[in-house]
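This report concerns only the one structure given below.
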Amino acid sequence: MQKIKISIITCSDRASSGVYEDLSGKQIKNTLTSWIANEIDFFYHLIPDEKQAIKNALELSCNEQKCDLVFTTGGTGPALRDITPEVTKDFIQKELPGFAELMRMTSLKYTPTAILSRQIAGIYNNSLIINLPGKPKAIVECLEPIFGAIPYCLDLINAAYIEVKDNAPKIFRPKS
């Protein structure tokens with residue numbers, strides 16, 4: 001079974017300065033570990049909501065660490081310092097709007113403020129980048145509906161082949 005590389009980039013002024021613990025990054029890791037059967041190398045970046053810091057973390061994750069999957073968490077709301085989607089959009093080569101559309105649609109079932117979320121997803125070379133919200137509960141709510149498309153997307157961009165555990169959300173790969 002192929003090893004998969006996953007980067008988790010937490011964008012938070014307060015968590016990066018030690019004001020509070022980064023629970024979102026841990027939630028992403030725990031959720032993916034419970035769903036993915038492959039051995040996983042996780043790369044973790046805890047950075048402030050600053051354009052250059054986010055760009056540097058994306059470049060490191062995709063170009064040097066060669067991550068198949070890159071998840072950002074935080075910085076997707078309408079607050080002045082929330083710039084993760086803008087930096088991601090400038091970085092990616094192809095946007096995949098369906099991921100964000102489904103995450104917002106799903107989140108709307110839980111909270112009317114889901115319409116304020118601005119996360120995006122896209123591809124940079126052989127990496128799939130997905131912006132997730134900054135709240136642990138919202139991360140699981142958003143990851144669950146989109147997870148089924150992630151393995152096939154990675155197949156299409158020649159990234160690692162994901163195998164899943166029985167408890168994972170159902171994935172879809174067309175019959176070849």
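Keep in mind that this is a model prediction, so the values were computed, not measured. Scope of the values below: all heavy atoms of this structure, side chains included, with no hydrogens, waters or symmetry mates.
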Could you work out, with ring pair (Phe, Tyr, Trp, His ring centres under 6.0 Å) as the rule, every residue matching Tyr124, not counting sequence neighbours?
Phe91
Restricting to salt bridge (Lys or Arg N to Asp or Glu O under 4.0 Å), what partner residues turn up for Arg118, sequence neighbours left out?
Glu86
I need the full list of salt bridge (Lys or Arg N to Asp or Glu O under 4.0 Å) pairs touching residues 14-32, with sequence neighbours left out, sorted by first then second residue.
Glu21-Lys26
According to side chain to side chain contact (heavy atoms under 4.5 Å, CB included), who are the partners of Pro48, at least two apart in sequence or on a separate chain?
Asp13, Ser16, Glu50, Ala53
Do Asn131 and Thr76 meet the criterion of a side-chain donor-acceptor pair at a distance under 3.5 Å?
no
If a pair satisfies side-chain hydrogen bond (donor to acceptor under 3.5 Å, both in side chains) and one of its residues is in residues 102-111, list it, with sequence neighbours excluded.
Thr111-Thr113
Contacts of type salt bridge (Lys or Arg N to Asp or Glu O under 4.0 Å), residue Lys55, not counting sequence neighbours
Glu59
Quick one: side chain to side chain contact (heavy atoms under 4.5 Å, CB included) partners of Lys3, sequence neighbours excluded?
Glu39, Asp41
Listing request: all side-chain hydrogen bond (donor to acceptor under 3.5 Å, both in side chains) pairs with a residue in residues 144-155, at least two apart in sequence or in separate chains.
Asp155-Arg173
For residues 133-143, the side-chain hydrogen bond (donor to acceptor under 3.5 Å, both in side chains) pairs (sequence neighbours left out) are Lys137-Glu141
Sequence neighbours left out, what passes side chain to side chain contact (heavy atoms under 4.5 Å, CB included) with Glu64? Give chain and number order.
Leu60
List the residues meeting side chain to side chain contact (heavy atoms under 4.5 Å, CB included) with Asp166, not counting sequence neighbours, and say none if there are none.
none
Tell me the side-chain hydrogen bond (donor to acceptor under 3.5 Å, both in side chains) pairs involving residues 90-100, sequence neighbours left out?
Lys89-Glu95, Gln93-Asn125
